[in-house]
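Some notes on the structure that comes next.
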Amino acid sequence: MHSIDMDLVEMTLDVMKYAIDRISNVTPDLGAPRKEEDLMRIVGETVTPDGIGGEAAFKLFRDVLVKATVPIDHPRHLAFVPAAPTRAAIMFDLVTSASSIHGAYWMEGGGGIFCENQAMKWLVSLTGMPNGTFGVFTSGGTAANLSAIVAAREEWRNKNADHIGHKGLMITSDAAHSSVQAMAKVIDADMLMIHCEGDNLTGKELQATINQLEEKDRKRLFAVVATGGTTNAGIIDELDTIADVCEKENVWFHIDCAYGGGALAAKSVRHLFTGIERADSVTIDPHKWLFSPYDCGAVIYKNMELAKNAHSQKGSYLEIFKDEGAHGFNPSEYQIQLTRRVRGMPLWFSLAMHGTDKYRVAIERGIELAQIAAKKIEDRPYLELVRPPSLSVVLYRRKGWTPDQYREWTYKNHRDGVALVTPTKWKTNGEFETVSRFCFINPDTTEKDIDVILDTME
Ligand SMILES: Cc1ncc(COP(=O)(O)O)c(C=O)c1O
């Protein structure tokens, strides 16, 4: 298994050939899931005492199993938050694995962590946060949000011993991503959701909500989470006025820009994020709008020491890493994970190869595609915009359709290999309505792709 022989050479060539073919295929088939029992019937048991051999296992993956997945970078995959990793980043993901780097501590991972930190420096510069701000790459937005709120909760308890033993309280809007509420559950904090009825959360609404808290709840409030690009509609909360309230009330201000963070690099919309520079922590997912392969999130802190106080693990076996001789930046001290992949390396390589200007252009294209799609929707009498596009998200309705028709249309387009576009819900005048939604990330999506999808709704 660990020796170098002909089987290894053949397997390596198979893998390299597959990787080259895959990244040079701009329109991979839009795969679809199959029932587990169907896959089992075709593939059979693959893990056996003697092994089935690299060639056979690889053939099963290439010919059957990968076809039961949806290529998230397909130009007509416009559902959820798609992805479009650069080819440079994908190839360097292979290099990252091949290099076997432990990304927890500088002592072992220094050269790789250096690469990550170069990429992180650029991310931090996009936020405009003050000197001393820095961050680390995580497995995604959920882990980044969790790392940030743990840091916030620890700081709240450290600053006042009365808070120890009490359950914390957080405030966010009902448009925040589900992971924010889920992570509050993980740390056993209560969550108060401000209802925003289709609009962004403002400082005024936040202040009114805080003013209504009972004294005992006000004492439990330790963090506010705003969103810089909601998943459903691309809406950015009023970050500047929320920052005013957080400063006045002395609560931690976290901004979840997991989806929208890439747009910080886009001049056309950068002004919408004014106030982000005043955050205590920010989440950005490079695996969404910064063209990194899965998985790569990032958490950024204004005060790294507070993050370190919350996350640094202690153990006699870890002391050497923090010794003088091992000196350097230790990513594991600033987020929830110890052993970690240096998952910022693919982003670094792609940034180093292409330069940041090409990133700005590719992100602007997503915003432009949303505007183009909106125009095409307005030009078709059977369609209607639900609201103007925000960032790269477009919500629109097919006049007269029921929720079932949206669902059947999604399944049919997926089955026919045309596109994956899924419905969502939007509240208008107090009522939830099923509507259709585009989220553009991939700069290879064409205007023709949009026409093809919209024509299937006629
Ligand atoms: C705004 C926002 N926050 C958090 C997440 C969760 O990120 P991840 O899936 O990388 O954990 C998402 C995912 O779509 C998101 O859009």
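Both ligands and their constituent atoms are indexed starting at 1 by order of listing. What's counted below: heavy atoms across the whole structure, side chains too, no hydrogens, waters or symmetry copies.
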Going by the order shown, which atoms of ligand 1 are within less than 4.0 Å of some heavy atom of [X]?
{"X": "Y259", "value": "16 (O)"}
{"X": "H287", "value": "10 (O)"}
{"X": "T231", "value": "1 (C), 2 (C), 14 (O), 15 (C), 16 (O)"}

Looking at [atom], what's its closest protein heavy atom, distance included?
{"atom": "atom 11 (O) of ligand 1", "value": "T142 OG1, 2.5 Å"}
{"atom": "atom 6 (C) of ligand 1", "value": "H177 CE1, 3.4 Å"}
{"atom": "atom 8 (P) of ligand 1", "value": "G141 N, 3.4 Å"}
{"atom": "atom 3 (N) of ligand 1", "value": "D256 OD2, 2.6 Å"}
{"atom": "atom 7 (O) of ligand 1", "value": "K288 NZ, 3.1 Å"}

Would [X] and [Y] pass as an ion pair if we require N to O under 4.0 Å?
{"X": "D93", "Y": "R341", "value": "yes"}
{"X": "D73", "Y": "R22", "value": "yes"}
{"X": "K375", "Y": "E378", "value": "no"}
{"X": "K248", "Y": "D244", "value": "no"}
{"X": "R218", "Y": "E249", "value": "yes"}
{"X": "D451", "Y": "K376", "value": "yes"}

Does S179 have a non-hydrogen atom less than 4.0 Å from ligand 1? yes

Contact check: [X] vs ligand 1, nitrogen or oxygen atoms, below 3.5 angstrom:
{"X": "D285", "answer": "yes"}
{"X": "G229", "answer": "no"}
{"X": "T227", "answer": "no"}

Side-chain H-bond candidate by donor/acceptor type, T142 with N145, under 3.5 Å: no

So, do F134 and Y334 have ring centers that fall under 6.0 Å from each other? no

